[in-house]
Every structure is written in C-alpha cells, then in structure tokens.
Participant: 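Supplied in structure tokens, the structure appears directly below.
Below, each value reflects all heavy atoms present in this structure, side chains not excepted, and no hydrogens, waters or symmetry copies. Protein chains get the first letters and strands the later ones, always in sequence-line order, with residue 1 at the start of each.
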There are 2 protein chains.
Amino acid sequence: MTADSRFADLTTPSLLLDEAKMMRNIDRLADHARALGVSLRPHLKTAKSIDVARRLLPGGDGPATVSTLAEAEAFFAAGVSDILYAVGIAPQKLPRVLALRASGCDLSVILDNAAQAKEVAKASRETGDPVPVLIEIDSDGHRGGLRPDDPLLIQIGRILHEGGAELRGVMTHAGESYTVAGNEAHAKFAEIERAAAVAGAEALREANLPCPVVSVGSTPTAHAARDLTGVTELRAGVYVFFDLVMAGIGVCRQDDIALSVLTTVIGHQNDRGWILVDAGWMAMSRDRGTSSQALDQGYGVVCDDAGNILHDLVLSSANQEHGIITRRSGAPASMPDLPVGTHLRILPNHACATAAQHAHFTVIPAKPDNAIVEWPRFGGW
Amino acid sequence: MTADSRFADLTTPSLLLDEAKMMRNIDRLADHARALGVSLRPHLKTAKSIDVARRLLPGGDGPATVSTLAEAEAFFAAGVSDILYAVGIAPQKLPRVLALRASGCDLSVILDNAAQAKEVAKASRETGDPVPVLIEIDSDGHRGGLRPDDPLLIQIGRILHEGGAELRGVMTHAGESYTVAGNEAHAKFAEIERAAAVAGAEALREANLPCPVVSVGSTPTAHAARDLTGVTELRAGVYVFFDLVMAGIGVCRQDDIALSVLTTVIGHQNDRGWILVDAGWMAMSRDRGTSSQALDQGYGVVCDDAGNILHDLVLSSANQEHGIITRRSGAPASMPDLPVGTHLRILPNHACATAAQHAHFTVIPAKPDNAIVEWPRFGGW
C-alpha cells in the first residue's frame, strides 16, 4: 500500500521532513547573506527543534531569533546563547528574561513604546544588568513599531540609554511582503525595510544615542534583497522548510518544500469525486494562507508517498481528523485510483502552523540509505 | 495590571478553563440525553484531558468517543474502557486497535467501505477477536458514510458478520448542522440524523444482520433533538466547553463559553485603532469558523480579565505570536484605555482548535477560594 517501505510502520498522519531539501534551503539563504555582507540571524519559531537548530546555526551558539521565551529557554539549554526575542516585551515577562541573562544567555528584547522602555530600564537598574533592546521600527504598517521619523523613537531611546538598559539598535519586519508576488516586488519591500531601519538608526545616532545593530528581515525580503547598506543583520524563519504560501509568491518552487504530512486513504465518495484521508486540520492546521493568493491550494497540495505532485489534486476541505481530497476544479471526473490504505503526502500552506500541530518531525535522511529518525519539537510559552 | 490577582503569575498566553461553566454545560446535555432516554457517549477529542474526562464520564469508564488512537490509548490507561474510535479505520491502524482490545479495552471502530470491512474481518479471524464495528451512515452529505438505502450497506454488513468481526450497529454525524442557526433548524437536522441511522439499522435487520447500536450526534443536534425513537446513543464533544461558533448558531450563549485565552497588552497603534497583544494564532489557532456566520468574530471576542465582554472589541487579526484587537467595525475612534501590561481574555471561535494549541488547561476552580490548577492536555496520533 506504500511505495516507500520506510513509511510502512509510520502512524498517519505524520509530519515528514526531507533533510536534503532543508539543507539546500538553509545553504541558499546563508550564501545570499554572505554575498550581501550581513550576518544571518535565523528565526527558530518554525522549527522549534534542537536538531534543526544544530543544522541551521553553524557555530551552534547563534545568532538566533525566537518568538517565545519557551523557545529562548529551550534553545539556550541546548547551547544557543545569542538570542533575540522578537515579540514586544510584556512587562510581566521581564523576570524570565533576566533569569536567562543571569544564566549567561545574551538575550535581547524588542519594544516600541515608552511604557515598555520604562519597565525594561527599571528592571535593568534593579538587577544591575543592562537588558539589550532593539527598538521596533514600522516599515510597512504591518503590525507594531514606530515610524523612523516619530519623535517617540528618540524619547524611547533616551529612556533606555539613560535609564540603565542597553540600547542595542533597531529592527523591522516587512510582514506585508507576503502579500505581493515575485522577486521584483520583494526586492522593493527589502529596500523599504532597509531604508526604514537605517533611517531609524540614523535618527538615534543624530541624537547621540548608540545604535550598533540594524536588523531587518522576512523570508521574501531576505531572499530578494540586493543591497543592504547600513544593515548589520538579516532575519528569516520559514525559509528553512518553505511552504505553499512561499511558493505561491515565487520565493521557492513547490519542489523546495521540505515539509509534508503523510496520510492514509480511508474512503471515497465517488459520485462527489471525494477521497477521504486521515489528515484533517489537526494535522494540517487551519491555516488557509493560499486562499488570498492567485492559486488557492485548499488545505494543501497532494503528492504520492514519494513526494511527486499529483496534478490538480488538493486537500480541499478538512474536519478535525478527516481530510477530503478533490480536483482543484471540483470536477468529480477522472479521479486517480487511490484505494483505501494508500499513503499520500500533503504539502502545507504554512510551515509554521502545520509544524506546530506535531510533536516531532519524522525525518527522511539526506543519505538515502539511512533509517528514518524522529526529531522532537516543542511548543508552549 | 490585572484585576484578578490569581492571574498575576501566569504566563501569557494561557488557556483558561472556567470549571463552573464547564460543569453546567456537562450537566445540561446529560439531563437532555436522560430525558430523551438515550445513552450519552461524549466525544473526548476537544478535551484530550484525563481531568476533564473524569468530570464528564460519571462512571469513569465510559462510554466515550475519540478521534485518534492516541486518545484511545491515553483514556484507556486512565480507566476509560468503552471507547468508539469515530474516524474511518485505516487498515494500517488495526494492530493498535487489536492491542488495545487485547488489553481489555472495548474499542469499536467505524467504516463505510468493503475494503475496510474485509481488513477488519481478516484481522478479527486471525486474532480470534471479533472487532466491533459501526457502519457509518451518511445523513447529510457532510463527509463519509453510506446512504441507508445503498445496497453496499448490506454487503458490508455481511462481510463483517460472516467474516468474523462483530457488526455492532450504525452511526452518523450531521456535520452540516453547524451551517444553520437556531433550535428549529437543528431539530430538523436531529431528525435527519435519526431517520437516516434508524433506516440503516432497519435495512441491516431486514437482511437478518444484527444492529444493536444506533448512534447519532453532533453538538447542535444533540441539544435540539426532540424525539430519538430507535436511537440508542447520542454523541457530542464541543458542548463541554462551547465556543463562538456554537454561540453564533444559537446552541449556547457567549456567557456559557468555558474556555478563553489569557493575553497581555504589549503595544498600541493609536492612529489605526489597534491594540497589540501577545496572543496570536499560535494561541488561538487559525480557526476562523465565525467568518461564514452572521457575525464574524475575527480570531475571537475580547473580554476583561474577569471574563466580562468588552463591547465590540475583537481580535481582528493574528500573526504567530501577535494579535491585533480592533473594534469590530474597524473604526479607530473611542478605543478603551487598555495600557501595556493589561490582562485580557479572548473567547475562541472553535474550542477544539484553540485547545489543541495548548499543553494544559489553567483551571479557574468552581469553588472561588480554591487555587488555580493546571490540567495537562495531550495531542498526537
């Protein structure tokens, strides 16, 4: 019932990771960052895996970006010591930040308002540990951050610098780059990120405030950036695995996607052109990121168990533990013969969301003779 | 920064469970099933928690429904011994089914095609253990199952009964009942479920096949059913917690929702009318189940930390670890004063999906003087 005998004993659904594809994706952006002359600070929020981090961080100790303090704690315990926590700091979280720093982790935080800055400065003074801070710059109206010409930027810089914290620099993230397609469009957003971050850095420096770090990045802009003059580091996360959203805007090919969900056919409704499988939204996540793209991929693109895309088949709807595969067109005619028990793979819309539904990666090793192994993942906050 | 001092030390985001509301929801459907004269077989796929199961199953040992074999194994280890695995059986999963049965679990499976029936019959013969099977009936075109007048129903019944399995009955689930609102509409779907399941049972009995169990249910139909003549048991799951989708179709009030996500304000974009919080889609899930309802609740309805709904505020968009709260209307005017550090609660669209993002419930005990406790949850397959 499966062409790949290594999958015969796997539970379905399972989250498959193609190590060879992952390594190619890792090398591609590392090479690009090197050519641009900037440091690469990978975001570990997609992987949440020590095994992936070891392959992603050549020195083993960083630099890295995280989205939760649980990630910071887990990766620090595994030897990663240069970590940016890239979600605006909640004052209640400062004790955990300080505890990590007291253990030897060079953990930095981000913020965009005076209330946060005062709390970080106060905690820095009280502990005698100047917490390093990047001020968040809003380059594209996506979510948080200050416009680089906002007078608050200088005010916050002073609160930090004069209040006992370490003003380490500025950072921005062009989340809106996900909404446009093609290298030209992403290159424009890369320049928007660069220009906003550099302008923020210059405004701080003109006010005699320090700003050694200028940090930018998103997966689309990181790959498309052509000139990062004034930038010191690049951040990106989902590029390690890629997904249908990234393929849909031309950052990668579908064949570069290193993650898929292995599933089993459990039934058919032939008159409706439906194939039922045991991967529903619990295995795929509810992410429908391609629904706003030129080609809606439903809950994912269907491949055979070797990873070959089955033309025009998508996981068009999902209940908790049931998925329904149809032709993208919806036409019930000429469905391929995929009997009960057949293993299939589904490429995900959004690697971060799909991976989060699983407690481990089932790794197809880069060396084809090696056995399949499991790499644990973690979650939580 | 928080009105409820019991929340002061909680990490945010955290999944809060109001035990008193949960117990009222549990009692409500138990009373209704008793009045209808049917057994209640709660679905544990929403809870995935031994502590919740203990409060939900009065005898402790069942009956219960599960959506994965991982649930069956975990709940059986905790003493639940009468379990229906209500996703069409994949042949590869039969060894785990048989292992559970060999350990003393009365685990039954469902199926809707001859290929599955032959595999179950074969496994039953080979082990000398007649695996109990409910044949899935399609009552509303929602996903799997056979129409009750499909000749395949009898054919499959014979494969099972004559092949060594235990033909235990029929089951159906009116998943389409979620798409309509109001008790009258749900009552009609309850009758559609009843009529289809009873017709399937009668067809089997007329063919001299056994059919002791006639199982129906979904949360909307279970609450609206008025007469279940011919039905032996009722299944429902999300009713234990309820959610905005159920409130949106009138099965409960928003005030009945026992789950919420505690979050912290981390910033503002005042000119856009945005409040940024640390609950994004990782904490809420990507479920947008209210987007197709009369009132779209975004990623959830915003409450203060005591659970009082803040009029017209919704979590209107979500990144991985960021949520953006706005007025439902989108108007930036007259936003309430919710400074950085304020704790809020977000009611979820879909309890199953939101709970799945969390490793434990943070339980607000029914007795107000009791301390907050954690109940672990599990996932996986």
Side-chain angles (χ1 to χ4, degrees), chain A residues 1 8-9 11-14 45 67-70 87-93 96 111-113 115-116 119 136 138 141-144 175 264-269 272 274 276 278 280-283 285-288 317 319-322 324 339-341 350 352-353 356-359 379-381, chain B residues 1 8-9 11-14 45 67-70 87-93 96 111-113 115-116 119 136 138 141-145 175 264-269 272 274 276 278 281-283 285-288 317 319-322 324 339-341 350 352-353 356-359 379-381:
Chain A
M1 292 182 186
D9 293 332
T11 302
T12 57
S14 282
K45 75 183 173 116
S67 70
T68 66
L69 290 179
V87 176
I89 187 73
Q92 292 92 330
K93 290 177 179 158
R96 282 171 75 188
L111 55 79
D112 70 354
N113 60 70
Q116 290 170 303
E119 296 278 355
E136 186 174 7
D138 176 13
H142 180 64
R143 80 188 162 210
T264 306
V265 174
I266 58 172
H268 303 81
Q269 295 282 12
R272 299 178 203 142
W274 291 2
L276 281 90
D278 67 356
W281 60 252
M282 188 64 82
S285 89
R286 270 290 194 200
D287 199 287
R288 289 281 291 104
S317 72
N319 296 151
Q320 186 158 340
E321 299 292 351
H322 297 81
I324 299 179
V340 164
H350 187 174
C352 305
Q357 305 294 108
H358 296 264
W381 293 269
Chain B
M1 293 183 187
D9 293 332
T11 301
T12 57
S14 283
K45 74 183 173 119
S67 69
T68 65
L69 290 178
V87 176
I89 186 73
Q92 292 93 329
K93 290 177 180 158
R96 281 171 77 189
L111 54 80
D112 70 355
N113 59 71
Q116 291 170 303
E119 295 278 355
E136 188 175 5
D138 176 13
H142 180 64
R143 72 186 170 213
T264 306
V265 174
I266 58 171
H268 304 81
Q269 296 283 12
R272 299 178 204 144
W274 290 2
L276 281 90
D278 67 357
W281 60 253
M282 189 63 82
S285 90
R286 271 290 193 198
D287 199 288
R288 289 281 291 103
S317 72
N319 296 151
Q320 185 159 338
E321 299 292 350
H322 296 82
I324 298 178
V340 165
H350 186 174
C352 305
Q357 303 296 108
H358 296 264
W381 294 270

Participant: Determine the minimum heavy-atom distance between B:Val87 and A:Ile266, stating which atoms define it.
Facilitator: CG1-CD1, 3.9 Å
Participant: Give, as side chain, backbone, both or neither, the part of B:Lys45 having an atom under 4.5 angstrom from any heavy atom of chain A.
Facilitator: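 Contact with chain A: backbone and side chain both.
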Participant: Name the member of B:Thr11, B:Ile89, B:Leu69 that forms the most heavy-atom pairs with chain A at distances under 4.5 Å.
Facilitator: B:Thr11
Participant: What residue in A:Thr12, A:Leu111, A:Val265 has the most heavy-atom pairs under 4.5 Å with chain B?
Facilitator: A:Thr12
Participant: Quick check on B:Ser285 against chain A: is it the side chain, the backbone, both or neither that has a heavy atom closer than 4.5 Å?
Facilitator: neither
Participant: Hey, which of B:Ala115, B:Ser67, B:Ala70 has the most heavy atom pairs under 4.5 Å with chain A?
Facilitator: B:Ser67
Participant: Select one option (side chain, backbone, both, neither) describing which atoms of A:Asp278 are under 4.5 Å from chain B's heavy atoms.
Facilitator: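 The answer is the side chain of A:Asp278.
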Participant: Between B:Ser14 and chain A, with a heavy-atom cut-off of 4.5 Å, which part of the residue counts as in contact: side chain, backbone, both or neither?
Facilitator: neither
Participant: Given that the side chain runs from C-beta out, which part of B:Glu321 has a heavy atom under 4.5 Å from chain A: side chain, backbone, both or neither?
Facilitator: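 For B:Glu321, the contact with chain A is made by backbone and side chain together.
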Participant: For chain B, find which of A:Gly144, A:Gly380, A:Pro339 contributes the most heavy-atom pairs closer than 4.5 angstrom.
Facilitator: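 The answer is A:Gly144.
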Participant: Under 4.5 Å heavy-atom distance to chain B, tell me which part of A:Ser317 shows up: side chain, backbone, both or neither.
Facilitator: neither
Participant: If I measure from the heavy atoms of chain A, does B:Ala353 come under 4.5 Å with its side chain, its backbone, both, or neither?
Facilitator: both
Participant: Less than 4.5 Å to any heavy atom of chain A: does that hold for the side chain of B:Asp138, its backbone, both, or neither?
Facilitator: side chain
Participant: Highest number of heavy-atom pairs under 4.5 Å with chain A: which of B:Ala359, B:Gly267, B:Cys352?
Facilitator: B:Cys352
Participant: For the atom pair CD (B:Gln269) and NE2 (A:His142), what is the distance rounded to the nearest 0.5 Å?
Facilitator: 11.5 Å
Participant: Sort B:Glu136 into side chain, backbone, both or neither according to what part of it lies under 4.5 angstrom from a heavy atom of chain A.
Facilitator: neither
Participant: Between B:Arg288 and B:Trp281, is the side-chain contact (heavy atoms from CB on, under 4.5 Å) condition met? List the steps.
Facilitator: CA-CA 10 Å; B:Arg288 289 281 291 103; B:Trp281 60 253; over 6 Å; no
Participant: Measure across B:His358 and B:Ala283 and return the closest heavy-atom pair with its distance rounded to 0.1 Å.
Facilitator: NE2-O, 2.8 Å
Participant: For each of B:Ala90, B:Gly141, B:Gly175, tally heavy-atom pairs with chain A at distances under 4.5 Å, and name the one with the top tally.
Facilitator: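 Looking at each of B:Ala90, B:Gly141, B:Gly175 in turn, B:Gly141 comes out on top.
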Participant: Non-hydrogen atoms of chain A under 4.5 Å away: do they reach the side chain of B:Asp287, the backbone, both or neither?
Facilitator: both
Participant: Specify which of A:Met282, A:His268, A:Gln320 makes the most heavy-atom pairs with chain B at under 4.5 Å.
Facilitator: A:Gln320
Participant: So which part of A:His350 gets closer than 4.5 Å to some heavy atom of chain B, the side chain, the backbone, both or neither?
Facilitator: side chain
Participant: Apply ring pair (Phe, Tyr, Trp, His ring centres under 6.0 Å) to B:His322 and list each qualifying residue two or more places apart in sequence or on a separate chain.
Facilitator: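 Not a single residue meets the ring pair (Phe, Tyr, Trp, His ring centres under 6.0 Å) criterion with B:His322.
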